[in-house]
K.L.:
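What follows is a single structure, and I will ask about it in a moment.
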Number of protein chains: 2
Amino acid sequence: MNVLEKIVNSVNSFSKSERKVADVILANPQTTIHSSIAALAKMADVSEPTVNRFCRRLDTKGFPDFKLHLAQSLANGTPYVNRHVEEEDGPEAYTAKIFESTMAALDTARQRVDINTINRAVDVLTQAKKISFFGLGASASVAHDAQNKFFRFNVPVVCFDDIVMQRMSAINSAEGDVVVCISHTGRTKNLCDIAAIARENDATVIGVTAYDSPLAKECTLVLSLDVPEDTDMYMPMASRVAQLVLIDILATGFTLRRGSKFRENLKKVKDSLRGSRFDKKDFNN
Amino acid sequence: MNVLEKIVNSVNSFSKSERKVADVILANPQTTIHSSIAALAKMADVSEPTVNRFCRRLDTKGFPDFKLHLAQSLANGTPYVNRHVEEEDGPEAYTAKIFESTMAALDTARQRVDINTINRAVDVLTQAKKISFFGLGASASVAHDAQNKFFRFNVPVVCFDDIVMQRMSAINSAEGDVVVCISHTGRTKNLCDIAAIARENDATVIGVTAYDSPLAKECTLVLSLDVPEDTDMYMPMASRVAQLVLIDILATGFTLRRGSKFRENLKKVKDSLRGSRFDKKDFNN
DNA sequence: ACGCAATCTGTAATTTAATTACAAGATATC
DNA sequence: GATATCTTGTAATTAAATTACAGATTGCGT
């Protein structure tokens, strides 16, 4: 509970002078956080220790600490919460909700992701002879994205969103190859098969999927994001964003692991794009 | 701009000692707001006046005022700041940084996106005879994702990442068709051409791209996200996540606009997926 | 209604924290 | 290599907050 609410709630348990302080603070919270205890005492027409006691009553260490708490209550920021879009929401409302839900999802993903597994995944990827990204449906675009990223590293990368191609690719995999299977639910049958086949052929299989899912059971390494989203009911949104960020992290880990001289490669790829683009400065002609 | 961002942004203009202070604060922002100037100075291994000067440089009145501002920045629980990954970062550090940068990017995107334009874009999309999503490179996967989403709405949707196909598709477009061109920089020549061609053929062209870019000039409607990211130098990460969220928003707006009876369609699509998946409960057999 | 106890409240002293002034050191510039 | 500019730290000063204590107020039982 934030301090402002707390003040309102406990307004009854205040003494006369404390209430004066509360009134002044509630009336000018912004002014309060930039005032000294003396100024506030004067505004409320009480003594300084009274203000101090008021602060303590609200479970803060003293006046400065109270101001800190108050400042946080006043911070414009909306707490990032998962809010479902409602039927009657206007553009403003659903835009805000989707942004916030996505940010909330990333926040939980960040807290739950296992750094060790990431590190091991990066290990495996840097040593891979060939990397394959497989996904179906919404996860297919994540796989594409991953290909786009890792492709720049001058490593053999493939990406299929076609189960037949995936199957062929999986069958042809060998030791040293890495197969990354992407699925939010981890319950897509075809992808489980692919993972199993790849493993039978000695490939290392990294699953970007839910813990404890059928797909996870087929994988060598499971990167679970644990984003709360029921993709059986709703369209995959936040979950897929979290997957993308995970791919970004793996790609970043990859470049860092490979050392600085390798990063010249990246520059080369970038430079090659220049020809296909308008110049940054003078595109107004 | 919040203080944390400010610190990150002006890290170059800091002196050696000020930088030490910045590092300590960025590493433990929560601790900082509960520390005295003496404690912080000790942590950063600098003198107290240095800390004070640091605060002043950030346009605050002094240390207590700085703490107030910092508290407000942290009010949302997590400091969402754009922090660049450094050479010597370990898995823990770069994972945190990428998550945070992405969230920070979404936060700015949310603030800068124009709701009116979103609303108009949704308008246009709901009335479209056919919707095409075009993107190249990293934006291609965003286009794919968009297709995957809009496809569920039982609207004719196409998506090409091949310039020849894009071109053909653009030439064949007609009034009532909507073409969505996705490009972070808006300086990809080929995509500008596509947009121009589509417009010449009376299609409505929505650009998911930078304001004032060459591509924007070719579009009927520009959805600008304004995520600070130099994709000429680095890989597109946060920018692309923001694009995806924008697509989510458009898709959501679309379903809301179409009314409730239309949403039964979505359920049908979902149900059709069930056969391809293991059941939610008993996948352990 | 009176007196005792408990609770408030304010004054003044104390402590703590933050800021300023100044000087020494480092760095850049010519 | 000398001078000027910018950094940084030490010590002194000032400002702010807290504590200790005493006076005032309120509530309660007789």
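Order of the sequence lines fixes the chain letters, A, B, ..., with proteins taken first and strands second; residue numbering starts at 1 for each chain. Just so it is clear, the model here is predicted, and its values are computed rather than measured.
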K.L.:
From CZ of F54(B) over to P of dT19(C), roughly how many Å is that when rounded to an integer?
P.N.:
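Between P of dT19(C) and CZ of F54(B): 14 Å.
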K.L.:
What protein N or O atoms touch nucleotides 13-16 of chain D N or O atoms at under 3.5 angstrom, if any, and at what distances?
P.N.:
none

K.L.:
Just jot down the ring pair (Phe, Tyr, Trp, His ring centres under 6.0 Å) partners of F14(B), sequence neighbours excluded, or say none.
P.N.:
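Here the qualifying residues are F54(B).
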K.L.:
Rounded to whole Å, please give me the gap between CG in N52(B) and P in dG9(D).
P.N.:
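Distance, rounded to whole Å: 13 Å.
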K.L.:
Sequence neighbours excluded and cut-off under 3.5 Å, please list the side-chain donor-acceptor pairs for residues 20-34 of chain A, or say none.
P.N.:
unit_1: K20(A); atom_1: NZ; unit_2: D45(A); atom_2: O; d: 3.4
unit_1: N28(A); atom_1: ND2; unit_2: V24(A); atom_2: O; d: 3.2
unit_1: T32(A); atom_1: OG1; unit_2: N28(A); atom_2: O; d: 2.7
unit_1: H34(A); atom_1: ND1; unit_2: Q30(A); atom_2: O; d: 3.4

K.L.:
Check whether more than 12 heavy atoms from other residues, nucleotides or ligands sit under 6.0 Å from atom CD of Q127(A), and answer yes or no.
P.N.:
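For Q127(A), atom CD is crowded (more than 12 foreign heavy atoms under 6.0 Å).
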K.L.:
Could you check whether any side-chain heavy atom of I118(B) comes within less than 4.5 Å of a side-chain heavy atom of L246(B), counting everything from C-beta outward?
P.N.:
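Sidechains of L246(B) and I118(B): in contact.
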K.L.:
Which letter, B, S or -, goes with each nucleotide of nucleotides 8-14 of chain C from 5' to 3', with contact meaning a protein heavy atom under 4.0 Å?
P.N.:
SBBB---
K.L.:
Side chains of D145(A) and S141(B): do they bring a donor and an acceptor to under 3.5 Å?
P.N.:
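Present: a donor and an acceptor within the cut-off.
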K.L.:
Between T252(B) and K97(A), is any pair of side-chain heavy atoms under 4.5 Å apart?
P.N.:
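Of all side-chain heavy-atom pairs linking K97(A) with T252(B), none is under 4.5 Å.
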K.L.:
Residues two or more places apart in sequence or in another chain: which of them pass side chain to side chain donor-acceptor pair (under 3.5 Å) with R53(B)?
P.N.:
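Expected list: none.
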K.L.:
For the CG atom of N52(A) and the CZ atom of R57(A), what is their distance to the nearest 0.5 Å?
P.N.:
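Between N52(A) CG and R57(A) CZ, I get 12.0 Å after rounding to 0.5 Å.
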K.L.:
Salt bridge check, R110(A) against D107(A): does any charged N sit closer than 4.0 Å to a carboxylate O?
P.N.:
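Answer for the salt bridge query: yes.
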K.L.:
Under 4.0 Å, heavy atom to any atom of DNA chain C: which of residues 21-32 of chain A qualify?
P.N.:
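Contacts with DNA chain C under 4.0 Å: none.
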K.L.:
Which heavy atom of S35(A) sits nearest to which heavy atom of M43(A), and what is that distance?
P.N.:
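Where S35(A) meets M43(A) most closely, the heavy atoms are OG-CE, 3.9 Å.
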